[in-house]
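Note sheet for the following structure.
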Amino acid sequence: MADKPSFYITTPIYYVNAKPHLGTAYCTILCDVMARYKRACGYDVKFLTGLDEHGEKVQKAAEEHDMTPQQWCDSLAPDFHKIWETLEISNDDFIRTTEERQVKAVQYLWERMREAGYIYKGSYDGWYCVHEETYFTDTQVDKADEEHGTEGQHLCPDCQRPLQRVQEESWFFKLSEFQDRLLALYDEHPEFVMPDFRMNEVRTFVEGGLRDISVSRTSFDWGIPVPFDDGHVTYVWFDALLNYATAVGYGDPSMAEEYARRWPAQFHVVGKDIIRFHCVIWPAMLMALGEALPEHVFAHGFLMVRDEETGQTRKMSKSLGNAIAPQDVIDLLGVEGYRYYFMTDCVPGEDGGISYGRMEQVYNADLANSWGNLVSRTLNMSAKYFDGKTPELPAGWETLDNPLRSIADGLAERYGAAMDRVAYGVAKDEVMELVHAANHYIEDSAPWAIAKDEARADELVQVMANLLEAIRISAHLLTPFMPETSAEVLRRLSLEDEVETDDLLGICAWGGLKGGVPVTKGDALFPRLQSDDK
Ligand code: ME8
């Protein structure tokens with residue numbers, strides 16, 4: 001492992017105040033696809049997800065359920081583990097901020113911050129939104145009140161829920177000292193914020209001036225104690241952001257080697273709602289600590305529900321009655337169809353308009369009619385014409401020109417370039433070009449006609465080999481999206497030893513098919529959906 005380059009990718013740690021939903025699943029699958037792709041490219045991947053368990057919001061939710069905050073967190077954590085397992089999430093670690101490792105790391109952070117002189121004690125007087133766990137200034141609140149016409153009631157600029165006035169003694173982090181260094185970071189590393197259009201938002205915010213932020217609370221106690229000040233607990237974001245470093249051993253001498261190898265992270269994937277925390281506060285915290293900065297923060301858009309009649313999109317919410325539960329989508333599309341739809345039909349950086357109609361359309365067109373159909377027709381023909389096997393392959397079969405080989409040449413590289421910039425839809429289009437071409441090739445070459453003519457036996461071998469090889473390569477490239485069906489396709493071609501690869505480029509070179517080995521026809525991979533199935 002140690003000789004492979006490290007690739008460290010993280011999801012946000014989700015609040016335990018609610019069960020996992022389509023949005024949290026979207027972000028987690030997005031990371032999973034990248035993690036699987038990078039593993040297949042030979043990286044030693046660490047993929048982290050977890051739960052954000054402290055803060056007032058969690059404390060309140062626990063009180064409402066007559067539980068202690070820890071009991072409340074413990075009661076919800078299994079739901080996350082369960083849904084991630086169902087959705088084939090291949091995370092290597094799962095952090096909960098109530099774990100000992102996080103408590104120790106946060107307390108270490110406090111000591112380092114104090115030594116470095118980047119915190120001081122003061123008093124906070126301003127607005128707080130418990131739902132967003134975010135502070136707001138009078139100016140921000142006034143502006144939002146004006147915009148939303150809230151008639152004297154002060155509402156959260158982000159979520160429009162009523163705000164609290166907070167007046168308490170607090171420790172502050174000197175964020176204001178980092179404006180220049182943050183702007184220099186954005187100039188020198190424009191790829192720090194992805195996609196690039198999100199950078200403007202971050203830059204404008206920082207250019208507007210930064211205030212020191214309150215990083216401890218005294219009015220409730222569900223948080224990590226500040227080690228040198230009784231009665232103060234850590235502000236939930238000051239705690240939460242550190243999880244990414246904790247999980248690779250920040251502040252733990254017994255993990256020094258791991259930390260040196262893993263940190264900084266290559267990718268923090270987050271929703272667009274929390275980029276300020278990740279692109280402003282987090283790098284400033286790391287600068288204060290003298291730690292390296294993550295390479296990329298990728299901000300994905302929000303899932304919006306598209307009304308099939310009007311075509312309009314709206315935020316998904318329980319109160320609007322348009323919320324879709326992950327299980328509803330799994331019931332309709334299966335897990336792999338679910339992953340494929342969200343990862344290839346929603347553009348990761350933008351808001352995605354989702355609808356059941358579109359899900360069904362994508363599933364039927366791409367998976368049932370194209371990919372599934374290609375596999376089933378080709379494997380059936382191979383089994384029929386070659387006695388349950390793939391054809392014996394004559395030397396040099398892979399050197400002959402044909403329309404599929406010309407698409408497959410350089411395909412893994414084109415696909416990889418798209419995957420690296422999280423353009424999953426573009427990567428999928430590259431693979432689907434080969435799949436569609438293979439379906440056309442079946443029609444054009446009509447193997448059933450060739451099979452009737454003994455004089456054309458060599459031609460039949462070549463045509464079937466080309467088709468099977470196109471399937472083998474497509475299965476590999478679709479693996480990050482649909483790991484189980486791809487593995488199944490490879491097994492049906494007696495290529496089980498290829499399922500786990502760390503040389504995606506090498507394995508996708510034209511000509512890797514095994515000749516004369518059993519093929520399994522198997523059930524349809526993606527049975528066609530009829531509209532009334534949902
Ligand atoms: O913010 N569409 O946790 P959170 C797409 N604990 N993604 C969505 C979404 C939607 N409609 N709704 C939520 C927190 N998400 C903090 C994070 S990290 C150190 C601390 C996803 O449970 C999206 O990725 O509110 C968003 O950023 C995340 O869930 C917020 O999860």
Side-chain angles (χ1 to χ4, degrees), residues 9-32 34 48-58 61 73 76-77 79-80 83-84 89 94-98 102 105-106 109 129-134 156 158-159 161 198 223-224 234-247 250 265 267-283 285-286 294 297-306 313-320 322-326 329 342-343 345-354 422:
I9 182 166
T10 66
T11 71
I13 47 170
Y14 304 111
Y15 288 126
V16 276
N17 66 313
K19 285 185 186 286
H21 51 80
L22 225 51
T24 44
Y26 175 72
C27 183
T28 311
I29 301 172
L30 211 130
C31 286
D32 186 66
M34 184 59 81
L48 174 74
T49 186
L51 295 176
D52 191 353
E53 302 194 328
H54 290 125
E56 206 171 341
K57 173 154 72 170
V58 171
C73 296
L76 282 169
D79 289 337
F80 285 85
I83 189 83
W84 298 156
I89 302 304
F94 188 100
I95 190 167
R96 298 177 55 185
T97 52
T98 48
Q102 174 74 356
V106 169
L109 161 91
C129 172
V130 177
H131 184 78
E132 301 291 323
E133 296 282 18
T134 304
C156 170
D158 288 350
C159 71
R161 288 179 172 83
R198 296 267 175 226
I224 298 180
T234 313
Y235 168 46
V236 63
W237 274 99
F238 210 48
D239 162 1
L241 287 163
L242 194 71
N243 91 88
Y244 304 129
T246 306
Y250 175 72
F267 263 88
H268 291 317
V269 179
V270 301
K272 65 177 186 177
D273 53 331
I274 53 177
I275 52 177
R276 282 187 199 169
F277 293 101
H278 286 83
C279 301
V280 181
I281 299 179
W282 179 225
M285 286 168 68
L286 290 165
V297 176
F298 182 88
H300 67 78
F302 263 48
L303 296 178
M304 313 284 281
V305 179
R306 191 187 297 126
T313 53
R314 299 179 86 175
K315 203 171 165 187
M316 199 183 341
S317 92
K318 280 191 196 142
S319 51
L320 289 174
N322 64 359
I324 300 175
V329 182
F342 281 101
M343 291 302 112
D345 205 51
C346 301
V347 181
E350 295 167 18
D351 287 344
I354 59 167
V422 205

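This is a predicted model, so every value here is computed, not measured. Worth knowing before you read on, the calculation uses all heavy atoms, side chains too, and leaves out hydrogens, waters and symmetry mates. First listed ligand is number 1; within each ligand, the first listed atom is number 1.
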Would you say that Y26 contacts P348 through its side chain, given a criterion of any heavy-atom pair below 4.5 Å between the two side chains? yes
Could you measure the distance from the CD1 atom of I281 to the CG atom of L286? Nearest 0.5 Å is fine. 12.0 Å
Answer yes or no: does atom NZ of K272 have more than 12 heavy-atom neighbours from other residues, nucleotides or ligands under 6.0 Å? yes
Are any of the N or O atoms of D273 closer than 3.5 Å to those of ligand 1? yes
Say whether, by atom type as modelled, one donor and one acceptor occur between the side chain of T97 and the main chain of D52 under 3.5 angstrom. no
Give the numbers and elements of all ligand 1 atoms closer than 4.0 Å to a heavy atom of A240. 19 (C)
Polar contacts were defined as any N/O atom of the residue lying under 3.5 Å from an N/O atom of the ligand; does this apply to Y15 and ligand 1? yes
Ligand 1 versus H300: contacting region, heavy-atom distance under 4.0 Å: side chain
Give a yes/no on ligand 1: does W237 have at least one heavy atom closer than 4.0 angstrom to it? yes
Answer yes or no for G352: is there a heavy-atom contact with ligand 1 below 4.0 Å? no
Under 4.0 Å from any heavy atom of C27, which atoms of ligand 1 are there? 24 (O)
Tell me the protein heavy atom at minimum distance from atom 31 (O) of ligand 1, and give that distance in Å. Y14 CD2, 3.6 Å
Does L303 reach ligand 1 with a nitrogen or oxygen that is under 3.5 Å from one of the ligand's nitrogen or oxygen atoms? yes
With a cutoff of 4.0 Å, is H21 in contact with ligand 1, counting heavy atoms of the residue only? yes
For F277, state whether at least one heavy atom is located under 4.0 Å from any atom of ligand 1. no
Report the nearest protein non-hydrogen atom to atom 11 (N) of ligand 1: residue, atom name, distance rounded to 0.1 Å. F302 CD2, 3.4 Å
Does an N or O from N243, backbone or side chain, lie closer than 3.5 Å to an N or O of ligand 1? no
Check: Q102 side chain, D239 main-chain N or O, donor-acceptor pair, under 3.5 Å: yes
After noting the C-alpha distance and the side-chain angles of E133 and K57, does the key distance pass the salt bridge (charged side-chain N to carboxylate O under 4.0 Å, His left out) rule? CA-CA 7 Å; E133 296 282 18; K57 173 154 72 170; over 6 Å; no
F342 and H300: aromatic ring centres closer than 6.0 Å? no
Polar side-chain atom of D351 near backbone of F302 as donor-acceptor pair, under 3.5 Å: yes
Considering distance alone, does some N or O of G271 sit under 3.5 Å from an N or O of ligand 1? yes
Among all protein heavy atoms, pick out the one at the shortest distance from atom 19 (C) of ligand 1; state its residue, atom name and that distance to 0.1 Å. Y244 OH, 3.4 Å
Is the ring pair H268/W282 parallel, tilted or perpendicular, if the boundaries are 30 and 60 degrees? tilted
Checking side chain to side chain contact (heavy atoms under 4.5 Å, CB included) between F277 and each of D273, V280, I274, which is the one that passes? I274
Would you check whether K272 reaches within less than 4.0 Å of ligand 1, judged by its heavy atoms? no
Angle class for the Y244/H278 ring planes (parallel below 30°, perpendicular above 60°, tilted otherwise)? tilted
Between C346 and I354 the two heavy atoms that sit nearest each other are SG-CG2, 3.8 Å
Got an N/O contact under 3.5 Å between I13 and ligand 1? yes
Could you tell me whether the side chain of R198 and the main chain of G349 form a donor-acceptor pair under 3.5 Å? yes
Distance filter under 4.0 Å to D52 heavy atoms, resulting ligand 1 atoms: 6 (N), 16 (C), 20 (C)
Atoms in ligand 1 with a heavy atom of T24 nearer than 4.0 Å: 29 (O)
shortest atom 9 (C) of ligand 1-to-protein heavy-atom contact is with G23 CA, 3.5 Å
Show the atoms of ligand 1 that are less than 4.0 angstrom away from any heavy atom in G301. 5 (C)
